[in-house]
Amino acid sequence: MNSSPELTEPEAASLPTIVDIRRAAERLRGEAVRTPLLEAPLLNERVGGRILLKAECLQRTGSFKFRGAYNRIAQIPEDDRKNGVVGYSSGNHAQGVACAAQMLGIPATIVMPSDAPRMKIENTRTYGADVVLYERFSEDRDAISKRIAAEKGATIIRPFDDPGIISGQGTIGLELAEQLAEAGAAPDAVTVCCGGGGLISGTALALEDTLPGVPVYAVEPSDFDDTVRSLEAGQRLGNPPEARSICDALLSPMPGALTFAINRRLLAGGVGVTDDEALEAMAIAFRYLKIVLEPGGAVSLAAVLTGKVPVSGRTVAVVASGGNCDPDMFASALERFPD
């Protein structure tokens, strides 16, 4: 597994702050959905504690990714917009970029793995983007994206390691703090799905200001636990090339440089969950909360349901990141875990 060096001085200077997140919230006002904070008494009874779930599966495009994409694209100078944007993603960032670009009248090209869920590929095209497919485990999406961007003079919209992306995702933390206060809930912990780290770094930055001292935990697929291992090692570590998971939204090769710089300072730790645990969390979310989560969007709930982040006698806030799940995958979760 590969490791990576620390931030350069320009990168360190570009790290976002709570001011950037609050500015992002202003840009997103009226564009992004203030997604609900859901609670089910029967689920609380089952776990012996209180779970409050931030349902980003009900965001525009079905995931939190719209927030960061819109915030970043909205900051592109007017003269550069005609050249378009290029994004790369397994699907949720792809849809977020495509949707935001369409709303802002900007052409979009999205580089996507050929094994991405069909729903995500089709939805990205529906938002008007040109989709370029590549082989996830044998081709370099960064190189493909840079080539296309150079040909078009387009702006690359990275999925997580970008101050504008991190700041947009951080608006979830602002909303979560407000909604917890409205619910009269004082959380003992917050769990957040983690791939490259854009969502959790932005959320942790916002919570540092709005709920200081509340521990925030990263949740990853067990075989893609690069953030957990990186936190323990104190440096960025990559995932082994043979690693596989059904959590397609969380299969980043290693934490981002910017996101890890934030996460190593703010996170209380992290845990990994298995694919089966993610599937069971999908079934439980549907049964108790009446929502559809994709595997990657359910891992934060799975960490609580399995007790890897304890909930008994406690209150835990859960950020469920997305719900773009193919029908066959969702049916499999319900069939395998009927109760």
Side-chain angles (χ1 to χ4, degrees), residues 32-60 62-64 171-194 199-200 203-204 206-207 210-211 213-219 247 268-271 273-325 329-339:
V33 175
R34 187 180 191 258
T35 53
L37 190 66
L38 304 179
E39 184 175 13
L42 290 178
L43 180 56
N44 289 343
E45 183 179 330
R46 172 175 175 149
V47 300
R50 191 177 186 190
I51 295 175
L52 296 111
L53 184 141
K54 179 72 168 161
E56 280 295 296
C57 54
L58 302 178
Q59 185 55 258
R60 274 185 189 261
S63 92
F64 75 98
T171 61
I172 292 172
L174 297 181
E175 290 179 16
L176 179 60
E178 292 170 354
Q179 291 169 314
L180 287 166
E182 291 164 5
D188 296 295
V190 178
T191 63
V192 186
C193 310
C194 185
L199 169 61
I200 192 168
T203 300
L207 294 178
T210 56
L211 287 173
V214 173
V216 180
Y217 294 91
V219 188
C247 300
V271 300
V273 301
T274 68
D275 284 354
D276 279 353
E277 288 167 343
L279 287 171
E280 185 172 17
M282 290 167 60
I284 288 173
F286 179 72
R287 184 169 305 112
Y288 289 96
L289 298 167
K290 314 308 177 189
I291 57 172
V292 174
L293 297 179
E294 62 188 278
V299 297
S300 54
L301 177 59
V304 179
L305 295 174
T306 58
K308 294 177 182 180
V309 175
V311 67
S312 179
R314 291 163 32 109
T315 297
V316 180
V318 172
V319 178
S321 57
N324 290 306
C325 183
M329 179 71 75
F330 190 64
S332 173
L334 298 182
E335 290 168 3
R336 290 189 57 192
F337 299 97
D339 184 51

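The analysis underlying the following values was restricted to heavy atoms, covering all of them including side chains, and did not include hydrogens, waters or symmetry mates.
The main-chain N or O of Val316 is never found under 3.5 Å from a side-chain atom of Asp188 such that the two would form a donor-acceptor pair. The backbone N or O of Val319 lies less than 3.5 Å from a partner atom in the side chain of Ser300, making a donor-acceptor pair. Side-chain N or O atoms of Glu56 include none that pairs as donor or acceptor with a backbone N or O of Gly322 at under 3.5 Å.
In this structure, Phe286 places its CZ atom where only 12 or fewer heavy-atom neighbours from other residues, nucleotides or ligands lie under 6.0 Å away.
Atom CD in Glu39 sits 4.5 Å away from atom CG in Leu52 (nearest 0.5 Å). Rounded to the nearest 0.5 angstrom, Lys54 NZ and Thr191 OG1 are separated by 14.0 Å.
Annotation: side chain of Pro295 is not in contact with side chain of Asp275 (no heavy-atom distance under 4.5 Å). Side-chain atoms of Leu58 and Val33, non-hydrogen and from C-beta on, never get closer than 4.5 Å to each other. Contact check for Phe337 versus Ile284: no side-chain heavy atoms found under the 4.5 Å cut-off. Residues Val47 and Val304 fail the side-chain proximity criterion, which asks for heavy atoms closer than 4.5 Å. Residues Thr274 and Thr306 are not in side-chain contact: their nearest non-hydrogen atoms beyond the backbone lie 4.5 Å or more apart.
Annotation: ring-ring contact (aromatic ring centres under 6.0 Å, His included) contacts of Tyr288 (sequence neighbours excluded): none. Residues meeting the side chain to side chain contact (heavy atoms under 4.5 Å, CB included) test with Arg34, sequence neighbours left out: Glu175, Glu178, Gln179, Glu182.
Evaluation of the salt bridge (Lys or Arg N to Asp or Glu O under 4.0 Å) test over residues 284-294, restricted to residues two or more places apart or in two chains, returns Lys120-Glu294.
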Practice item. Let me see the working for Val219 and Val318 under side-chain contact (heavy atoms from CB on, under 4.5 Å), right down to the final yes or no. Key: CA-CA 10 Å; Val219 188; Val318 172; over 6 Å; no

